[in-house]
Amino acid sequence: MKILVCISSVPDTTSKINFTADKSAFDKNGIQWVINPLDEFALTKAIKLQESQGATVTVINVGDAVTEPVIRKALAIGANDAVRVNLDPKDSFSTAKEIAAVVQNGGYDLILCGKESIDYNGGSVPGMVAQLLNQPFVNASVGLDVNGSKATAVREIEGGKETISVKLPAVIAGQKGLVDEKDLIIPNMRGIMSARTKPLQVVEPASSEVKVQGVSYDSVPPRAAVKMVSPDNLDELVRLLHEEAKVI
Amino acid sequence: MAVFVYAENINGVYKKAAFEAVSFAKAVADQAGDTVTAVSVNPTDSSDLLYKYGASNIINIKDEGLKNFSAKAYAQAVSEVANGNIIVFPHTTDASSIAPMLAVMNGYSLITNVLEAPESLSPFQVKRKAFSGKGFMHAKAEGTGVIVTVSQNAFGVKENAVSGSEEVKNLSVANEDTKVISHEQSSGKLDLKEAEIVVSAGRGLKGPENWGMIEDLANVLGAATACSKPVSDIGWRPHTEHVGQTGKAIAPNLYIAVGISGAIQHLAGVNSSKTIVVINSDPEAPFFKSADYGVVGDSFQIIPALTEKIKALKG
């Protein structure tokens with residue numbers, strides 16, 4: 001079985017988000033880059049399938065050369081090889097098109113992704129890839145088993161969960177729960193050393209069509225100063241919530 | 001400029017997010033000088049509920065094959081009836097699974113997590129949430145067809161009654177790639193993303209056995225319960241309750257955080273809340289800087305007392 005895991009390189013979760021002075025772009029100065037945490041759940045799941053079923057795991061990233069340390073980390077976690085599409089992605093559609101083009105040449109049985117990236121939060125790439133490939137799509141997956149040409153996925157629904165049988169090849173977008181947080185793989189020295197020699201293929205983009213442009217960006221306005229209430233005067237807190245904030 | 005909206009239902013009953021999406025679609029239609037057509041799959045609710053928020057045409061898709069959800073089959077069904085320039089979806093799990101597939105199917109632009117009515121229609125430009133709530137993006141669609149998903153609890157539900165008519169479309173969409181084996185829905189539990197009030201707790205509660213008082217406060221307020229990441233990682237609470245950057249992003253009217261210090265990743269998921277109350281024994285907890293109201297003290301005394309006082313207020 002061949003698995004493709006789509007990974008995005010995103011600002012570390014502790015990053016403060018700033019924009020350039022003209023507000024036209026995200027300010028990348030001083031940012032540490034990590035594998036998108038939701039993609040990491042997908043990657044770990046793929047490595048588990050590699051161990052249990054002898055699957056091969058390829059990671060794909062659409063990004064410029066700056067993303068290579070993040071790809072090497074995915075290789076250190078255990079992926080067999082990697083593909084980087086040499087394009088600074090502009091929107092979900094252009095990213096999805098590049099991934100679909102690589103899949104069409106690669107014959108993958110399963111495509112795993114995080115359900116969204118924590119930077120632009122589009123949540124669109126997995127569904128777009130599925131449609132471009134005419135494959136079934138399960139989103140917000142919190143469980144996955146593979147048995148031959150079929151997968152059983154558990155997806156989160158509002159107020160519950162649903163277990164679905166899916167014909168492969170398919171696109172599954174995962175989130176926390178696909179594997180437990182404690183099962184996420186931290187690369188060891190052997191993994192880091194072997195990642196240096198694993199194949200990382202760079203391919204040029206197949207298309208340059210963009211459907212959505214980021215015109216400008218704003219930071220979140222600061223809140224007014226906090227009003228502190230004494231723990232001995234909770235009547236005041238109730239009054240403030242009822243009369244001032246009008247939320248209860 | 002015909003405006004369509006996907007009115008999501010669960011087991012036939014419209015979601016609050018559907019009314020919010022219809023309200024948003026009505027605002028777009030008013031800007032465009034056109035009307036709203038709502039599309040729903042196998043609803044059992046009355047169409048009056050959608051007229052109330054401004055949809056004047058309703059297309060009810062009837063299809064036994066769509067009894068179970070499949071993103072691909074639902075996208076196919078919606079594409080057969082929604083032939084507008086603008087199609088609005090709520091940003092729920094199901095709708096945000098359909099929207100990307102439909103966007104590719106129709107060759108439309110897709111802008112997700114939208115917060116406000118469009119800044120302009122031609123070109124279509126709108127404000128959306130980005131960086132997990134740590135920033136905003138003004139996004140412009142290329143081309144003429146646009147699909148948007150509206151972030152839950154952002155635009156709000158706005159009554160705007162119109163008279164309307166309903167049409168039933170019998171479809172028979174192929175749905176062979178996926179098959180639902182089982183479906184578990186916990187009854188009576190408030191949907192965290194739709195909740196107007198959320199009571200959330202962190203490691204400051206010391207153990208899962210202490211969540212009873214959080215649930216009591218939530219019950220009195222008609223609120224949903226949530227938790228911080230460490231709490232779901234240790235297994236005190238299910239990961240479905242984890243709010244934050246890698247959990248759920250929420251935007252209730254009132255967010256009460258108990259025993260949560262307020263790491264930047266937690267704030268990212270909750271700072272769209274309209275009012276934030278922080279209760280923590282540590283006066284240095286960073287969360288106080290992002291709160292509207294704060295109480296420094298022992299949660300084990302404050303929460304039961306607060307619950308009683310709110311109970312008294314509600315009579």
Side-chain angles (χ1 to χ4, degrees), chain A residues 13-14 17 19 37-38 92-93 118-124 127-128 130-132 136-140 152 156-167 176-177 181-182 210-220 223-224 226-229 231 234-235 237-238 240-242 245 247-248, chain B residues 10 71-72 92-93 96-97 100-101 104-105 109-113 125 129-132 134-142 177-186 189 191 221 233 239-240 242 245-247 253-254 264-265 271 275 288 290-295 297 302 305-306 309-310 313:
Chain A
T13 58
T14 59
I17 300 300
F19 301 107
L38 300 168
S92 303
F93 182 68
I118 62 161
D119 50 3
Y120 293 93
N121 305 107
S124 314
M128 286 180 167
Q131 184 59 39
L132 286 164
F137 170 48
V138 179
N139 202 3
T152 305
E156 190 179 315
I157 53 173
E158 276 84 358
K161 56 187 179 181
E162 199 169 74
T163 305
I164 307 158
S165 163
V166 192
K167 271 189 199 165
K176 189 175 179 180
E181 186 88 16
K182 65 173 168 38
V210 169
K211 293 270 191 192
V212 176
Q213 303 265 8
V215 177
S216 65
Y217 297 84
D218 296 327
S219 300
V220 177
R223 279 178 195 266
V226 60
K227 279 189 187 171
M228 297 305 291
V229 178
L234 294 175
D235 286 319
L237 179 63
V238 172
L240 287 166
L241 293 176
H242 183 59
V247 286
I248 61 171
Chain B
I10 285 195
K72 195 174 163 194
T92 56
T93 304
S96 58
S97 309
M101 302 194 91
V104 170
M105 230 176 249
S109 303
L110 170 64
I111 305 180
T112 59
N113 268 314
Q125 186 173 313
K129 192 160 74 173
F131 296 97
S132 306
K134 294 188 221 170
F136 303 111
M137 174 188 193
H138 299 267
K140 184 178 83 172
E142 304 289 334
D177 294 337
T178 58
K179 196 173 151 218
V180 173
I181 299 169
S182 69
H183 185 101
E184 294 167 41
Q185 198 130 25
S186 41
K189 208 160 182 225
D191 180 0
L221 287 165
D233 288 350
H239 62 78
T240 48
H242 163 202
Q245 197 161 13
T246 53
N253 282 334
L254 174 59
I264 189 166
Q265 298 97 328
N271 65 5
T275 300
F288 284 119
S290 308
D292 298 285
Y293 304 107
V295 185
I302 293 170
L306 184 61
K309 287 186 191 298
I310 291 170
L313 173 80

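So that the names make sense, note that chain A is the first sequence line, chain B the second, and so on, each numbered from 1.
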message = If the test is side-chain contact (heavy atoms from CB on, under 4.5 Å), which one of B/Asp292, B/Leu306, B/Thr275 qualifies with A/Leu241?
response =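 Answer to the side-chain contact (heavy atoms from CB on, under 4.5 Å) test with A/Leu241 among B/Asp292, B/Leu306, B/Thr275: B/Thr275.
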Rounded distance [0.5 Å steps], [atom1] in [X] versus [atom2] in [Y]:
X        : Y        : atom1 : atom2 : result
B/Glu184 : A/Thr163 : CD    : OG1   : 6.5 Å
B/Leu313 : A/Ile248 : CG    : CD1   : 5.5 Å
A/Glu156 : B/His239 : CD    : NE2   : 6.5 Å
A/Leu237 : B/Ile310 : CG    : CD1   : 7.0 Å
A/Thr13  : B/Ile264 : OG1   : CD1   : 8.5 Å

ask   = Among all residues two or more places apart in sequence or in another chain, which pass the salt bridge (Lys or Arg N to Asp or Glu O under 4.0 Å) test with B/Lys179?
value =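 With neighbours one apart ignored, the set is empty.
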Check [X] against [Y] and note the closest heavy-atom contact, atom names and distance.
X        : Y        : answer
B/His138 : A/Tyr217 : CD2-N, 4.4 Å
A/Gly122 : B/Thr112 : O-OG1, 2.9 Å
B/Asn253 : A/Val247 : O-CG1, 3.6 Å
B/Pro100 : A/Gly123 : CG-O, 4.2 Å
B/Val295 : A/Pro231 : CG1-CA, 3.7 Å
A/Val220 : B/Gly135 : CG2-N, 3.8 Å

Against chain B, label [X] side chain, backbone, both or neither, depending on which of its atoms sit under 4.5 Å from a heavy atom there.
X        : answer
A/Lys182 : neither
A/Ser92  : neither
A/Leu132 : both
A/Ala224 : backbone
A/Leu234 : both

Most chain A-contacting option - heavy-atom pairs closer than 4.5 Å, from [options]:
options                      : value
B/Ile10, B/Val180, B/Thr92   : B/Val180
B/Gly294, B/Ala139, B/Ala130 : B/Gly294
B/Ser97, B/Gly297, B/Ser96   : B/Ser97

B/Gln245 side chain reached by A/Thr14 side chain, heavy atoms, under 4.5 Å =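 Contact flag for A/Thr14/B/Gln245 side chains = no.
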Go through [options] and name the one with the most non-hydrogen pairs under 4.5 angstrom from chain B.
options                                : answer
A/Val212, A/Asn121, A/Asn139, A/Leu240 : A/Asn121
A/Ser124, A/Ser219, A/Ser216, A/Ala245 : A/Ser216
A/Ser165, A/Gly127, A/Gly160, A/Ala130 : A/Ser165
A/Met128, A/Lys161, A/Met228, A/Arg223 : A/Arg223
A/Leu38, A/Val166, A/Ile164, A/Val238  : A/Ile164

Counterpart residues, ring-ring contact (aromatic ring centres under 6.0 Å, His included), relative to B/Phe131 (two or more places apart) =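 Counting only residues at least two positions away or on another chain, B/Phe131 forms a ring-ring contact (aromatic ring centres under 6.0 Å, His included) with A/Phe19, A/Phe26, A/Tyr120.
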[X] side chain vs [Y] backbone, donor-acceptor pair below 3.5 Å:
X        : Y        : result
B/Ser109 : A/Lys211 : yes
A/Glu158 : B/Gln185 : no
B/Asp177 : A/Lys167 : no
B/Ser132 : A/Ile118 : yes

Using heavy-atom distances under 4.5 Å, tell me whether [X] contacts chain A through its side chain, its backbone, both, or neither.
X        : result
B/Asn113 : side chain
B/Lys72  : side chain
B/Leu110 : both

task = Check whether more than 12 heavy atoms from other residues, nucleotides or ligands sit under 6.0 Å from atom NZ of B/Lys134, and answer yes or no.
result =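 Yes - once you tally the heavy atoms of other residues, nucleotides and ligands closer than 6.0 Å, there are more than 12.
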